[in-house]
Amino acid sequence: METKYIFITGGVASSLGKGIVSASLGKLLQARGYRITIQKFDPYINIDPGTLNPYEHGECYVTADGMETDLDLGHYERFTGIETTRDNSVTTGRIYLSVIERERRGDYLGKTIQVVPHITDEIKRRILLNASKQPLDFVITEIGGTIGDIESQPFLEAIRQLRWELGPQRALNVHLTYVPYLAAAGELKTKPTQTSVKQLQGLGIQPEVLVLRTEHELGDDLRAKVAHFCNVDVSAVIQSQDLPSIYEVPVNMQRQGLDAIILKKMGVEIGETPELGPWRNFLECRKQATEIIDIGLVGKYDLQDAYKSILESLAHAGTYNNRKVRTHFINSEHITRQNVAEQLDGMTGIVICPGFGTRGIEGKILAAEYTRTHDIPTFGICLGMQMMVIEFARNVLGYKDANSTEMDVQTAHNVIDLMEEQKTITQMGGTMRLGAYECQLVENSKVFEAYGDKAIIKERHRHRYEFNNKYREEYEAAAMKCVGINPAADLVEIVEIPILRWYIGTQFHPEYSSTVLHPHPLFMSFIHACISNS
Ligand code: GLN
(Lines give C-alpha, C1' and ligand atoms only; values in the text may rest on other atoms or scores of the structure.)
Protein backbone atom coordinates (compact mmCIF):
# COMPACT_ATOMS: atom_id res chain seq x y z
CA MET A 1 0.00 0.00 0.00
CA GLU A 2 1.30 3.46 -0.86
CA THR A 3 1.78 5.63 2.21
CA LYS A 4 -1.30 7.56 3.24
CA TYR A 5 -1.20 10.90 5.03
CA ILE A 6 -3.58 12.03 7.74
CA PHE A 7 -3.41 15.65 8.87
CA ILE A 8 -4.75 16.66 12.25
CA THR A 9 -5.59 20.33 12.62
CA GLY A 10 -7.27 22.19 15.45
CA GLY A 11 -9.65 25.11 15.64
CA VAL A 12 -11.51 27.34 18.13
CA ALA A 13 -9.04 26.97 21.00
CA SER A 14 -5.75 25.37 21.92
CA SER A 15 -5.38 22.58 24.51
CA LEU A 16 -8.27 20.55 23.08
CA GLY A 17 -6.18 17.40 23.03
CA LYS A 18 -4.97 17.21 19.43
CA GLY A 19 -1.91 15.31 20.62
CA ILE A 20 -4.06 12.71 22.37
CA VAL A 21 -6.37 12.33 19.36
CA SER A 22 -3.33 11.91 17.08
CA ALA A 23 -1.78 9.36 19.46
CA SER A 24 -5.12 7.51 19.77
CA LEU A 25 -5.61 7.33 16.02
CA GLY A 26 -2.04 6.06 15.68
CA LYS A 27 -2.77 3.41 18.28
CA LEU A 28 -5.95 2.28 16.51
CA LEU A 29 -4.28 2.00 13.09
CA GLN A 30 -1.29 0.24 14.62
CA ALA A 31 -3.67 -2.25 16.26
CA ARG A 32 -4.97 -3.09 12.78
CA GLY A 33 -1.46 -4.09 11.80
CA TYR A 34 -0.50 -0.96 9.87
CA ARG A 35 2.97 0.52 10.00
CA ILE A 36 2.54 4.02 11.28
CA THR A 37 4.36 7.06 12.53
CA ILE A 38 3.07 10.24 14.14
CA GLN A 39 4.83 13.55 13.64
CA LYS A 40 4.34 17.04 15.01
CA PHE A 41 4.77 20.24 13.01
CA ASP A 42 4.93 23.28 15.26
CA PRO A 43 4.47 26.76 13.83
CA TYR A 44 6.70 28.60 16.33
CA ILE A 45 10.07 29.95 15.29
CA ASN A 46 12.34 28.25 17.83
CA ILE A 47 14.47 25.61 16.13
CA ASP A 48 13.34 23.13 18.78
CA PRO A 49 11.55 23.37 22.14
CA GLY A 50 14.82 22.71 24.03
CA THR A 51 15.40 26.36 24.85
CA LEU A 52 11.77 27.05 25.79
CA ASN A 53 10.86 27.68 29.40
CA PRO A 54 8.64 24.80 30.65
CA TYR A 55 6.18 27.45 31.87
CA GLU A 56 5.62 28.39 28.24
CA HIS A 57 5.62 25.02 26.62
CA GLY A 58 5.64 22.27 29.22
CA GLU A 59 8.21 19.52 29.30
CA CYS A 60 10.85 19.11 26.66
CA TYR A 61 10.72 15.51 25.46
CA VAL A 62 13.87 13.84 24.14
CA THR A 63 13.90 11.21 21.41
CA ALA A 64 16.28 8.24 21.46
CA ASP A 65 18.25 9.82 18.61
CA GLY A 66 18.77 12.95 20.67
CA MET A 67 16.25 15.51 19.45
CA GLU A 68 14.67 17.91 21.95
CA THR A 69 11.00 17.93 21.05
CA ASP A 70 7.48 18.87 21.97
CA LEU A 71 5.80 16.90 24.76
CA ASP A 72 3.23 15.52 22.33
CA LEU A 73 5.89 13.13 21.05
CA GLY A 74 5.81 11.66 24.53
CA HIS A 75 2.11 10.88 24.06
CA TYR A 76 2.80 9.31 20.68
CA GLU A 77 5.40 6.99 22.21
CA ARG A 78 3.42 6.17 25.33
CA PHE A 79 0.36 5.23 23.26
CA THR A 80 2.02 3.29 20.45
CA GLY A 81 5.32 2.15 21.94
CA ILE A 82 6.93 3.21 18.66
CA GLU A 83 10.06 5.32 19.06
CA THR A 84 9.99 8.69 17.37
CA THR A 85 13.06 10.35 15.83
CA ARG A 86 14.28 13.82 14.92
CA ASP A 87 12.22 13.55 11.73
CA ASN A 88 9.03 13.46 13.83
CA SER A 89 9.40 16.98 15.17
CA VAL A 90 9.61 20.02 12.92
CA THR A 91 9.22 23.72 13.69
CA THR A 92 8.95 26.80 11.51
CA GLY A 93 12.45 27.64 12.72
CA ARG A 94 13.89 24.42 11.30
CA ILE A 95 12.04 24.91 8.03
CA TYR A 96 13.34 28.46 7.59
CA LEU A 97 16.82 27.50 8.72
CA SER A 98 17.20 24.86 6.04
CA VAL A 99 15.75 27.12 3.32
CA ILE A 100 18.03 29.99 4.35
CA GLU A 101 21.08 27.72 4.51
CA ARG A 102 20.31 26.51 1.00
CA GLU A 103 19.86 30.08 -0.20
CA ARG A 104 23.27 31.00 1.25
CA ARG A 105 24.85 28.03 -0.52
CA GLY A 106 23.41 29.34 -3.77
CA ASP A 107 21.16 26.33 -4.36
CA TYR A 108 18.32 28.50 -5.63
CA LEU A 109 20.36 29.97 -8.49
CA GLY A 110 19.38 33.59 -8.00
CA LYS A 111 15.67 33.02 -7.53
CA THR A 112 13.61 35.19 -5.15
CA ILE A 113 12.94 33.03 -2.07
CA GLN A 114 9.30 33.17 -0.99
CA VAL A 115 6.94 31.54 1.49
CA VAL A 116 5.17 29.96 -1.46
CA PRO A 117 6.74 27.89 -2.98
CA HIS A 118 10.04 27.64 -1.07
CA ILE A 119 8.85 27.41 2.52
CA THR A 120 5.78 25.35 1.62
CA ASP A 121 7.94 23.02 -0.50
CA GLU A 122 10.27 22.47 2.44
CA ILE A 123 7.26 21.74 4.71
CA LYS A 124 5.97 19.22 2.17
CA ARG A 125 9.41 17.60 1.88
CA ARG A 126 9.53 17.20 5.67
CA ILE A 127 5.99 15.78 5.82
CA LEU A 128 7.01 13.12 3.29
CA LEU A 129 10.47 12.49 4.77
CA ASN A 130 9.66 9.77 7.28
CA ALA A 131 8.04 7.54 4.68
CA SER A 132 11.04 7.97 2.35
CA LYS A 133 13.28 6.40 5.00
CA GLN A 134 11.14 3.42 6.04
CA PRO A 135 8.08 1.57 4.79
CA LEU A 136 5.01 3.17 6.33
CA ASP A 137 1.30 2.71 5.66
CA PHE A 138 0.09 5.81 7.49
CA VAL A 139 1.82 9.03 8.46
CA ILE A 140 -0.19 11.08 10.94
CA THR A 141 0.86 14.72 11.00
CA GLU A 142 -0.33 16.91 13.84
CA ILE A 143 -0.18 20.62 13.12
CA GLY A 144 0.50 22.59 16.29
CA GLY A 145 -1.43 25.74 17.15
CA THR A 146 -4.89 26.69 15.94
CA ILE A 147 -6.02 27.51 12.43
CA GLY A 148 -6.25 31.23 12.05
CA ASP A 149 -2.86 31.76 13.72
CA ILE A 150 -0.69 33.84 11.40
CA GLU A 151 2.22 31.42 11.68
CA SER A 152 0.10 28.36 10.80
CA GLN A 153 -0.66 29.61 7.30
CA PRO A 154 2.32 28.08 5.41
CA PHE A 155 1.63 24.70 7.03
CA LEU A 156 -2.03 24.77 6.00
CA GLU A 157 -1.08 25.83 2.49
CA ALA A 158 1.39 22.91 2.32
CA ILE A 159 -1.38 20.51 3.43
CA ARG A 160 -3.75 21.94 0.84
CA GLN A 161 -1.19 21.36 -1.89
CA LEU A 162 -0.36 17.84 -0.72
CA ARG A 163 -4.03 16.88 -0.62
CA TRP A 164 -4.37 18.04 -4.19
CA GLU A 165 -1.19 16.28 -5.33
CA LEU A 166 -1.80 13.00 -3.50
CA GLY A 167 -5.56 12.81 -3.99
CA PRO A 168 -8.36 11.98 -1.53
CA GLN A 169 -7.33 8.34 -1.09
CA ARG A 170 -3.86 9.29 0.10
CA ALA A 171 -4.42 12.49 2.04
CA LEU A 172 -7.15 13.35 4.51
CA ASN A 173 -7.82 16.03 7.09
CA VAL A 174 -9.21 15.49 10.57
CA HIS A 175 -10.19 18.74 12.24
CA LEU A 176 -10.57 19.01 15.99
CA THR A 177 -12.82 21.74 17.40
CA TYR A 178 -14.60 22.67 20.57
CA VAL A 179 -18.30 22.72 21.37
CA PRO A 180 -18.78 24.97 24.41
CA TYR A 181 -21.65 24.58 26.82
CA LEU A 182 -23.30 27.84 27.86
CA ALA A 183 -24.62 27.17 31.32
CA ALA A 184 -26.86 30.27 31.38
CA ALA A 185 -28.59 29.18 28.18
CA GLY A 186 -28.31 25.48 29.07
CA GLU A 187 -27.10 24.82 25.55
CA LEU A 188 -24.20 23.39 23.60
CA LYS A 189 -23.07 25.79 20.90
CA THR A 190 -21.89 24.70 17.45
CA LYS A 191 -21.20 28.13 15.98
CA PRO A 192 -17.47 28.16 16.84
CA THR A 193 -17.11 24.83 15.03
CA GLN A 194 -18.96 26.11 11.98
CA THR A 195 -16.78 29.22 11.88
CA SER A 196 -13.61 27.22 12.29
CA VAL A 197 -14.51 24.83 9.48
CA LYS A 198 -15.42 27.79 7.25
CA GLN A 199 -12.02 29.24 7.96
CA LEU A 200 -10.40 25.97 6.92
CA GLN A 201 -12.56 25.81 3.79
CA GLY A 202 -11.48 29.37 3.01
CA LEU A 203 -7.92 28.06 2.91
CA GLY A 204 -8.98 25.37 0.47
CA ILE A 205 -9.15 22.50 2.94
CA GLN A 206 -12.34 20.53 3.44
CA PRO A 207 -12.09 18.38 6.56
CA GLU A 208 -13.36 14.83 6.02
CA VAL A 209 -13.65 14.05 9.72
CA LEU A 210 -14.53 16.32 12.63
CA VAL A 211 -13.66 15.53 16.22
CA LEU A 212 -15.67 17.69 18.60
CA ARG A 213 -14.28 18.22 22.04
CA THR A 214 -17.04 18.66 24.58
CA GLU A 215 -17.74 18.48 28.26
CA HIS A 216 -21.30 17.20 27.67
CA GLU A 217 -22.70 14.40 25.54
CA LEU A 218 -23.59 15.66 22.06
CA GLY A 219 -26.96 14.43 20.84
CA ASP A 220 -27.63 13.04 17.35
CA ASP A 221 -29.37 16.27 16.36
CA LEU A 222 -26.38 18.34 17.15
CA ARG A 223 -24.07 16.02 15.24
CA ALA A 224 -26.41 16.13 12.27
CA LYS A 225 -26.46 19.90 12.42
CA VAL A 226 -22.66 20.13 12.43
CA ALA A 227 -22.46 17.62 9.57
CA HIS A 228 -24.97 19.62 7.59
CA PHE A 229 -23.22 22.96 8.04
CA CYS A 230 -19.72 21.64 7.49
CA ASN A 231 -20.11 19.31 4.45
CA VAL A 232 -19.16 16.27 6.53
CA ASP A 233 -20.93 12.89 6.84
CA VAL A 234 -22.82 12.46 10.12
CA SER A 235 -20.85 9.28 10.77
CA ALA A 236 -17.66 11.33 10.48
CA VAL A 237 -18.65 13.68 13.29
CA ILE A 238 -16.96 12.16 16.32
CA GLN A 239 -17.31 13.43 19.83
CA SER A 240 -14.43 13.61 22.23
CA GLN A 241 -16.04 14.00 25.60
CA ASP A 242 -13.96 14.60 28.73
CA LEU A 243 -12.93 11.22 30.11
CA PRO A 244 -11.41 10.21 33.44
CA SER A 245 -8.13 9.31 31.70
CA ILE A 246 -6.45 10.16 28.41
CA TYR A 247 -5.86 6.43 27.98
CA GLU A 248 -9.59 5.88 27.49
CA VAL A 249 -9.58 8.04 24.38
CA PRO A 250 -8.49 5.31 21.90
CA VAL A 251 -11.26 3.00 23.07
CA ASN A 252 -13.79 5.80 22.90
CA MET A 253 -12.63 6.78 19.39
CA GLN A 254 -12.76 3.17 18.26
CA ARG A 255 -16.30 2.80 19.59
CA GLN A 256 -17.36 5.70 17.38
CA GLY A 257 -15.48 4.26 14.41
CA LEU A 258 -12.87 6.97 13.93
CA ASP A 259 -10.32 4.61 12.38
CA ALA A 260 -12.95 2.73 10.34
CA ILE A 261 -14.30 5.95 8.83
CA ILE A 262 -10.83 7.08 7.87
CA LEU A 263 -10.03 3.72 6.27
CA LYS A 264 -13.28 3.82 4.33
CA LYS A 265 -12.67 7.34 3.10
CA MET A 266 -9.17 6.42 2.01
CA GLY A 267 -10.37 3.38 0.10
CA VAL A 268 -8.94 0.74 2.42
CA GLU A 269 -10.90 -2.37 3.34
CA ILE A 270 -12.00 -1.96 6.94
CA GLY A 271 -11.68 -5.52 8.21
CA GLU A 272 -12.28 -6.67 11.75
CA THR A 273 -12.20 -4.28 14.67
CA PRO A 274 -9.15 -5.02 16.82
CA GLU A 275 -9.89 -6.01 20.39
CA LEU A 276 -7.18 -3.90 22.01
CA GLY A 277 -6.87 -6.63 24.68
CA PRO A 278 -3.71 -5.53 26.53
CA TRP A 279 -4.83 -1.90 26.34
CA ARG A 280 -8.22 -2.74 27.85
CA ASN A 281 -6.46 -4.79 30.53
CA PHE A 282 -4.48 -1.72 31.46
CA LEU A 283 -7.69 0.33 31.69
CA GLU A 284 -9.31 -2.36 33.78
CA CYS A 285 -6.30 -2.52 36.12
CA ARG A 286 -6.47 1.24 36.38
CA LYS A 287 -10.09 1.09 37.42
CA GLN A 288 -9.42 -1.62 40.00
CA ALA A 289 -6.43 0.19 41.46
CA THR A 290 -8.20 2.39 43.94
CA GLU A 291 -5.82 2.16 46.87
CA ILE A 292 -3.92 5.41 46.99
CA ILE A 293 -0.20 5.93 47.26
CA ASP A 294 1.15 9.42 47.88
CA ILE A 295 4.28 10.46 46.02
CA GLY A 296 5.91 13.86 46.42
CA LEU A 297 7.46 15.59 43.43
CA VAL A 298 10.14 17.97 44.57
CA GLY A 299 10.72 20.50 41.79
CA LYS A 300 10.51 24.15 40.90
CA TYR A 301 7.79 24.20 38.24
CA ASP A 302 4.34 24.33 39.74
CA LEU A 303 2.78 23.18 36.50
CA GLN A 304 1.42 19.78 35.44
CA ASP A 305 2.98 19.79 31.99
CA ALA A 306 6.52 20.55 33.17
CA TYR A 307 6.93 17.02 34.53
CA LYS A 308 4.51 15.32 32.16
CA SER A 309 6.51 12.17 31.43
CA ILE A 310 7.35 11.64 35.11
CA LEU A 311 3.67 11.89 36.07
CA GLU A 312 2.69 9.43 33.34
CA SER A 313 5.49 7.01 34.27
CA LEU A 314 4.37 7.05 37.90
CA ALA A 315 0.77 6.45 36.82
CA HIS A 316 1.77 3.51 34.58
CA ALA A 317 3.85 1.90 37.33
CA GLY A 318 1.15 2.59 39.91
CA THR A 319 -1.48 0.86 37.79
CA TYR A 320 0.64 -2.25 37.29
CA ASN A 321 1.31 -2.29 41.04
CA ASN A 322 -2.45 -2.03 41.74
CA ARG A 323 -2.21 1.45 43.15
CA LYS A 324 -3.54 4.85 42.26
CA VAL A 325 -0.67 7.27 42.47
CA ARG A 326 -1.57 10.61 43.99
CA THR A 327 1.21 13.07 43.25
CA HIS A 328 1.87 16.12 45.39
CA PHE A 329 3.90 18.94 43.99
CA ILE A 330 6.35 20.22 46.58
CA ASN A 331 7.97 23.46 45.52
CA SER A 332 11.67 23.11 46.31
CA GLU A 333 12.03 26.88 46.62
CA HIS A 334 9.85 26.77 49.73
CA ILE A 335 11.64 23.93 51.49
CA THR A 336 13.74 24.98 54.47
CA ARG A 337 15.58 23.04 57.17
CA GLN A 338 12.78 24.03 59.57
CA ASN A 339 9.87 22.88 57.42
CA VAL A 340 11.28 19.96 55.42
CA ALA A 341 9.70 17.32 57.69
CA GLU A 342 6.34 19.01 57.41
CA GLN A 343 6.64 19.52 53.64
CA LEU A 344 7.40 15.84 53.01
CA ASP A 345 4.98 14.57 55.61
CA GLY A 346 2.69 11.77 54.49
CA MET A 347 4.67 10.91 51.37
CA THR A 348 5.55 7.27 50.86
CA GLY A 349 8.11 8.16 48.25
CA ILE A 350 9.80 11.21 46.78
CA VAL A 351 10.91 12.07 43.27
CA ILE A 352 13.56 14.76 43.03
CA CYS A 353 12.93 16.31 39.66
CA PRO A 354 15.22 17.33 36.79
CA GLY A 355 16.00 20.95 36.12
CA PHE A 356 18.49 23.66 35.28
CA GLY A 357 20.00 26.53 37.23
CA THR A 358 20.23 27.43 40.89
CA ARG A 359 16.62 28.27 41.68
CA GLY A 360 15.23 25.77 44.19
CA ILE A 361 18.29 23.55 44.41
CA GLU A 362 18.94 24.00 48.13
CA GLY A 363 15.41 22.74 48.77
CA LYS A 364 16.13 19.67 46.65
CA ILE A 365 19.31 19.05 48.66
CA LEU A 366 17.38 19.36 51.94
CA ALA A 367 14.76 16.92 50.66
CA ALA A 368 17.49 14.46 49.64
CA GLU A 369 19.04 14.70 53.11
CA TYR A 370 15.71 14.19 54.83
CA THR A 371 14.72 11.15 52.78
CA ARG A 372 18.20 9.62 53.08
CA THR A 373 18.27 10.01 56.85
CA HIS A 374 14.65 8.83 57.24
CA ASP A 375 14.95 6.00 54.70
CA ILE A 376 12.09 7.18 52.51
CA PRO A 377 12.19 5.74 48.96
CA THR A 378 13.71 8.40 46.75
CA PHE A 379 14.16 8.66 43.02
CA GLY A 380 16.48 11.42 41.79
CA ILE A 381 16.29 12.14 38.10
CA CYS A 382 19.07 14.01 36.31
CA LEU A 383 19.42 17.23 38.37
CA GLY A 384 17.69 15.25 41.14
CA MET A 385 20.47 12.66 41.04
CA GLN A 386 23.07 15.42 41.05
CA MET A 387 21.46 16.91 44.17
CA MET A 388 21.61 13.51 45.91
CA VAL A 389 25.31 13.36 45.10
CA ILE A 390 25.93 16.89 46.41
CA GLU A 391 23.95 16.24 49.59
CA PHE A 392 25.98 13.09 50.25
CA ALA A 393 29.25 14.97 49.77
CA ARG A 394 28.19 17.75 52.13
CA ASN A 395 26.73 15.64 54.90
CA VAL A 396 28.52 12.30 54.70
CA LEU A 397 31.88 12.96 53.04
CA GLY A 398 32.20 16.20 54.99
CA TYR A 399 32.73 18.60 52.07
CA LYS A 400 30.49 21.39 53.29
CA ASP A 401 31.02 23.46 50.15
CA ALA A 402 30.40 20.60 47.69
CA ASN A 403 28.43 21.72 44.67
CA SER A 404 27.94 21.42 40.95
CA THR A 405 29.94 23.81 38.79
CA GLU A 406 26.60 24.64 37.17
CA MET A 407 25.67 26.40 40.42
CA ASP A 408 29.08 27.57 41.61
CA VAL A 409 32.05 27.61 39.23
CA GLN A 410 34.42 28.41 42.11
CA THR A 411 33.51 25.47 44.32
CA ALA A 412 36.51 23.63 45.75
CA HIS A 413 34.59 20.35 45.76
CA ASN A 414 32.96 20.06 42.36
CA VAL A 415 31.41 16.63 42.84
CA ILE A 416 29.26 17.43 39.80
CA ASP A 417 31.26 18.95 36.99
CA LEU A 418 30.85 20.07 33.41
CA MET A 419 31.48 17.19 31.03
CA GLU A 420 34.76 17.40 29.09
CA GLU A 421 32.95 17.47 25.74
CA GLN A 422 30.83 20.43 26.93
CA LYS A 423 33.73 22.70 27.82
CA THR A 424 34.18 24.10 24.33
CA ILE A 425 30.46 24.57 23.61
CA THR A 426 29.13 28.13 23.53
CA GLN A 427 25.76 27.70 21.74
CA MET A 428 22.66 26.88 23.83
CA GLY A 429 20.31 24.98 21.51
CA GLY A 430 20.68 21.23 20.96
CA THR A 431 24.20 21.10 22.37
CA MET A 432 23.70 19.06 25.54
CA ARG A 433 24.48 15.37 25.86
CA LEU A 434 21.24 14.22 24.29
CA GLY A 435 19.58 10.95 23.42
CA ALA A 436 20.10 7.31 24.27
CA TYR A 437 23.42 6.01 25.58
CA GLU A 438 24.42 2.63 26.88
CA CYS A 439 24.81 2.01 30.55
CA GLN A 440 26.40 -1.02 32.16
CA LEU A 441 24.74 -2.13 35.39
CA VAL A 442 26.60 -3.49 38.38
CA GLU A 443 25.45 -6.97 39.30
CA ASN A 444 23.61 -7.45 42.58
CA SER A 445 22.53 -3.82 42.65
CA LYS A 446 18.87 -2.84 43.02
CA VAL A 447 18.86 -1.40 39.51
CA PHE A 448 20.29 -4.62 38.07
CA GLU A 449 17.45 -6.50 39.69
CA ALA A 450 14.88 -3.90 38.60
CA TYR A 451 15.92 -4.23 34.95
CA GLY A 452 15.51 -8.00 35.17
CA ASP A 453 19.22 -8.81 35.49
CA LYS A 454 20.18 -7.04 32.29
CA ALA A 455 23.85 -6.08 32.12
CA ILE A 456 23.51 -3.33 29.51
CA ILE A 457 20.60 -0.95 29.22
CA LYS A 458 20.02 2.11 27.05
CA GLU A 459 18.44 5.29 28.36
CA ARG A 460 17.96 8.87 27.18
CA HIS A 461 19.94 11.82 28.41
CA ARG A 462 19.68 15.59 28.48
CA HIS A 463 22.42 17.29 30.49
CA ARG A 464 25.78 19.05 30.47
CA TYR A 465 27.07 18.12 33.93
CA GLU A 466 28.14 14.78 35.33
CA PHE A 467 29.33 12.98 38.43
CA ASN A 468 33.01 13.85 38.93
CA ASN A 469 34.98 10.60 38.75
CA LYS A 470 37.69 12.06 40.98
CA TYR A 471 35.39 11.40 43.94
CA ARG A 472 34.16 7.95 42.94
CA GLU A 473 36.22 5.94 45.39
CA GLU A 474 35.23 8.14 48.32
CA TYR A 475 31.55 7.69 47.55
CA GLU A 476 31.90 3.95 47.12
CA ALA A 477 33.77 3.66 50.42
CA ALA A 478 31.03 5.62 52.18
CA ALA A 479 28.02 3.57 50.95
CA MET A 480 26.86 5.50 47.91
CA LYS A 481 27.61 3.14 45.02
CA CYS A 482 28.05 3.91 41.36
CA VAL A 483 25.94 1.11 39.91
CA GLY A 484 25.48 2.24 36.30
CA ILE A 485 28.41 3.28 34.14
CA ASN A 486 28.56 4.39 30.52
CA PRO A 487 31.05 1.89 29.09
CA ALA A 488 32.39 4.14 26.32
CA ALA A 489 33.06 7.26 28.38
CA ASP A 490 33.24 5.84 31.92
CA LEU A 491 30.57 8.28 33.11
CA VAL A 492 28.58 7.50 36.25
CA GLU A 493 24.93 7.22 35.19
CA ILE A 494 23.36 5.72 38.33
CA VAL A 495 24.05 6.05 42.04
CA GLU A 496 22.41 3.96 44.73
CA ILE A 497 22.65 3.60 48.50
CA PRO A 498 22.14 -0.16 48.88
CA ILE A 499 21.62 -0.11 52.65
CA LEU A 500 18.54 2.06 52.22
CA ARG A 501 15.14 0.83 51.08
CA TRP A 502 15.29 2.59 47.70
CA TYR A 503 17.56 5.55 47.23
CA ILE A 504 18.54 5.77 43.57
CA GLY A 505 19.56 8.61 41.30
CA THR A 506 19.86 8.37 37.54
CA GLN A 507 21.71 10.82 35.33
CA PHE A 508 19.41 9.75 32.48
CA HIS A 509 15.66 10.28 32.13
CA PRO A 510 13.86 6.93 32.45
CA GLU A 511 10.51 8.75 32.22
CA TYR A 512 10.93 9.24 28.47
CA SER A 513 10.61 5.53 27.79
CA SER A 514 7.73 4.36 29.97
CA THR A 515 4.73 3.34 27.88
CA VAL A 516 1.22 2.13 28.67
CA LEU A 517 1.99 -1.45 27.72
CA HIS A 518 5.60 -1.38 28.97
CA PRO A 519 5.89 0.53 32.23
CA HIS A 520 9.46 1.47 33.02
CA PRO A 521 11.29 -1.05 35.25
CA LEU A 522 12.79 1.63 37.52
CA PHE A 523 9.42 3.27 38.12
CA MET A 524 7.93 -0.18 38.76
CA SER A 525 10.64 -0.94 41.29
CA PHE A 526 10.32 2.51 42.91
CA ILE A 527 6.54 2.21 43.34
CA HIS A 528 7.00 -1.28 44.70
CA ALA A 529 9.39 0.09 47.32
CA CYS A 530 6.97 2.93 48.14
CA ILE A 531 4.19 0.40 48.73
CA SER A 532 6.35 -1.51 51.19
CA ASN A 533 6.97 1.80 52.92
CA SER A 534 3.29 2.67 53.20
N1 GLN B 1 21.21 20.99 34.85
C2 GLN B 1 21.75 19.67 34.90
C3 GLN B 1 22.75 19.41 33.78
O4 GLN B 1 22.76 20.09 32.81
C5 GLN B 1 20.66 18.62 34.89
C6 GLN B 1 19.80 18.64 33.66
C7 GLN B 1 18.50 17.90 33.81
O8 GLN B 1 17.99 17.71 34.91
N9 GLN B 1 17.90 17.51 32.69
O10 GLN B 1 23.54 18.50 33.89
Side-chain angles (χ1 to χ4, degrees), residues 48-55 57-64 66-71 73-74 297-301 303 305-311 313 332-333 350-365 367-368 378-391 393 402-409 411 414-437 439 459-469 471 482 484 486 489 491-495 504-514 522:
D48 60 52
T51 49
L52 283 172
N53 184 333
Y55 276 123
H57 207 75
E59 165 190 276
C60 169
Y61 186 77
V62 179
T63 60
M67 178 78 189
E68 294 175 287
T69 72
D70 185 84
L71 57 74
L73 271 79
L297 240 65
V298 176
K300 68 175 169 181
Y301 298 112
L303 173 87
D305 275 358
Y307 305 114
K308 188 83 198 155
S309 294
I310 295 178
L311 294 176
S313 303
S332 57
E333 287 180 271
I350 293 288
V351 176
I352 307 184
C353 292
F356 294 83
T358 47
R359 192 159 61 84
I361 62 148
E362 292 303 324
K364 286 184 174 171
I365 293 172
T378 309
F379 197 168
I381 300 177
C382 206
L383 185 72
M385 171 265 201
Q386 297 176 353
M387 295 304 115
M388 283 171 149
V389 167
I390 292 169
E391 187 279 317
N403 216 331
S404 160
T405 42
E406 179 180 4
M407 317 306 166
D408 176 7
V409 271
T411 180
N414 52 342
V415 290
I416 302 293
D417 197 14
L418 192 62
M419 276 180 281
E420 231 14 79
E421 66 196 42
Q422 289 287 328
K423 290 188 177 157
T424 50
I425 291 174
T426 50
Q427 294 257 42
M428 287 301 271
T431 55
M432 279 185 256
R433 180 172 182 240
L434 290 166
Y437 286 90
C439 174
E459 294 283 2
R460 303 181 203 181
H461 293 250
R462 180 175 186 243
H463 60 119
R464 296 184 200 282
Y465 296 83
E466 256 287 350
F467 183 96
N468 187 343
N469 273 329
Y471 294 92
C482 303
N486 172 274
L491 295 171
V492 173
E493 314 284 34
I494 313 176
V495 294
I504 293 173
T506 62
Q507 187 55 76
F508 52 77
H509 292 262
E511 72 273 22
Y512 292 145
S513 45
S514 180
L522 283 183

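The structure presented is a predicted model; accordingly, all values stated were derived computationally and were not measured. Whatever order the structure lists ligands and atoms in, that order sets their numbers, starting from 1.
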Would you say the side chain of Thr506 lies within less than 4.5 Å of the side chain of Met385, judging by non-hydrogen atoms? no

Show me the short polar-atom pairs for ligand 1: any N or O of it lying under 3.5 Å from a protein N or O, with distances only.
residue, atom, partner, partner atom, Å
ligand 1, 1 (N), Gly355, O, 3.0
ligand 1, 1 (N), Glu406, OE1, 2.7
ligand 1, 1 (N), Glu406, OE2, 3.1
ligand 1, 4 (O), Arg464, N, 3.0
ligand 1, 8 (O), Gly355, N, 2.9
ligand 1, 8 (O), Gly355, O, 3.3
ligand 1, 8 (O), Leu383, N, 3.0
ligand 1, 9 (N), Arg462, O, 2.9
ligand 1, 9 (N), His509, NE2, 3.2
ligand 1, 10 (O), Gln386, NE2, 3.1
ligand 1, 10 (O), Arg464, N, 3.2
ligand 1, 10 (O), Tyr465, N, 2.9

Test ring pair (Phe, Tyr, Trp, His ring centres under 6.0 Å) applied to Tyr437 and His509, His463, His461, the passing residue: His461

Decide, yes or no, whether a salt bridge links Arg462 with Glu68 under the criterion of side-chain N to carboxylate O below 4.0 Å. yes

Result of checking Val298, Ile381, Leu383, Leu297 against Cys353 for side chain to side chain contact (heavy atoms under 4.5 Å, CB included): Leu297

Residue set satisfying ring pair (Phe, Tyr, Trp, His ring centres under 6.0 Å) with Tyr465, at least two apart, ordered chain then number -> none

Between Tyr307 and Tyr301, what is the ring plane arrangement, given parallel below 30°, perpendicular above 60°, and tilted in between? tilted

